[in-house]
Amino acid sequence: MALPEENFSEHAAVRLKKLATTNAPNATNQFNPLVLQFVSKAALTNKAAVARAYGQALHEVYEESKKPVAGSPAGGLNADQRQLLELVTGKESPIWFPRRDTPEHMSRPDKDRYGGLVANLDKMAANATNPPPARAMVLADLPEPYSPHIFKRGSPARPGDLVPRAFVEVLSGGEPKPFEHGAGGWN
């Protein structure tokens, strides 16, 4: 919203009134009605207030999505709510990360507690009276392969350029061919 900071409230009210009248279902620049509803209810004194209204809309839709609804595959959310939920939980979301990376995003106390629980499970397995059954180690592809990034200065918090999934260039005898099937192309 490119509104001046001076008299922001009045400019925002005029802009919202205009959006409310032009937000027809077939319009090309249609805005999510839930966002308009939250922004219209908020006291818009500056751009931060607009951001808080957006955040409140996303938070409430996320909390609503966690409520169980029997017999509803969409969790009881309507299309507008699902659109906002996708912004928070979808793979294109700026806050999305694979489930396996969850410990890397925990606070220090939570990460320490998680590590302690994993260590306790390892101790229980090592001290079991019955030996564990024989098992083979297998390698399995992820359901959806992900594209790895170069980490700037080795930090996963600073992803750089995408790296194509291919065999190691040094061992490929020239230009490596990208993997076509699965993560490793062993097909």
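FYI, side chains are in, hydrogens and waters are out, and symmetry mates aren't considered; it's all heavy atoms of this structure.
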Could you go step by step and tell me if S65 and L77 meet the side chain to side chain contact (heavy atoms under 4.5 Å, CB included) rule? CA-CA 7 Å; S65 74; L77 300 178; 3.7 Å; yes

Nearest heavy-atom contact between L44 and A12 is CD1-CB, 3.9 Å

Are the side chain of E60 and the backbone N or O of A57 linked by a donor-acceptor pair below 3.5 Å? no

Rounded to the nearest 0.5 Å, how far does CZ of R15 lie from CZ of F8? 11.0 Å

Could you list all the ring pair (Phe, Tyr, Trp, His ring centres under 6.0 Å) pairs where at least one residue sits in residues 38-69, not counting sequence neighbours? none

Are the side chain of N32 and the backbone of D80 linked by a donor-acceptor contact shorter than 3.5 Å? yes

With sequence neighbours excluded, residues passing side chain to side chain contact (heavy atoms under 4.5 Å, CB included) with L162: S147, H149

With clusters built from Ile, Leu, Val, Met, Phe, Trp and Tyr whose side-chain heavy atoms come within less than 4.5 Å, directly or transitively, what are the remaining members of the cluster of M106, listed by chain and number? Y114, V118

Taking side chain to side chain contact (heavy atoms under 4.5 Å, CB included) as the test, write out the residues that go with A48, two or more places apart. N46, R52

Between CG on residue L34 and CD on residue E64, distance to nearest 0.5 Å: 10.5 Å

Compare every heavy atom of A49 with every heavy atom of A43, then report the nearest pair and how far apart it is. O-CB, 3.5 Å

Is V50 reachable from F31 through a run of hydrophobic residues whose side-chain heavy atoms are each under 4.5 Å from the next? yes

Within a radius of less than 6.0 Å around CG of N120, do more than 12 heavy atoms belonging to other residues, nucleotides or ligands occur? yes

Reported CD1-to-NZ distance for the pair I150 and K152, which is rounded to 0.5 angstrom: 10.0 Å

Under 3.5 Å, which donor-acceptor pairs do the side chains of residues 89-97 form with other protein atoms, sequence neighbours left out?
residue : atom : partner : partner atom : Å
T89     : OG1  : L85     : O            : 3.0
K91     : NZ   : E144    : OE1          : 3.0
S93     : OG   : L87     : O            : 2.9
S93     : OG   : V88     : O            : 3.2
S93     : OG   : I95     : N            : 3.2

Just checking K66: does its NZ atom have more than 12 heavy atoms from other residues, nucleotides or ligands closer to it than 6.0 angstrom? yes

How many angstroms lie between atom CG of N78 and atom CD of Q83, to the nearest 0.5 angstrom? 10.0 Å

Any pair with a residue in residues 98-111 that passes side chain to side chain donor-acceptor pair (under 3.5 Å), sequence neighbours left out, goes on the list, sorted by first then second residue, please. E104-K111, S107-D110, R108-D112

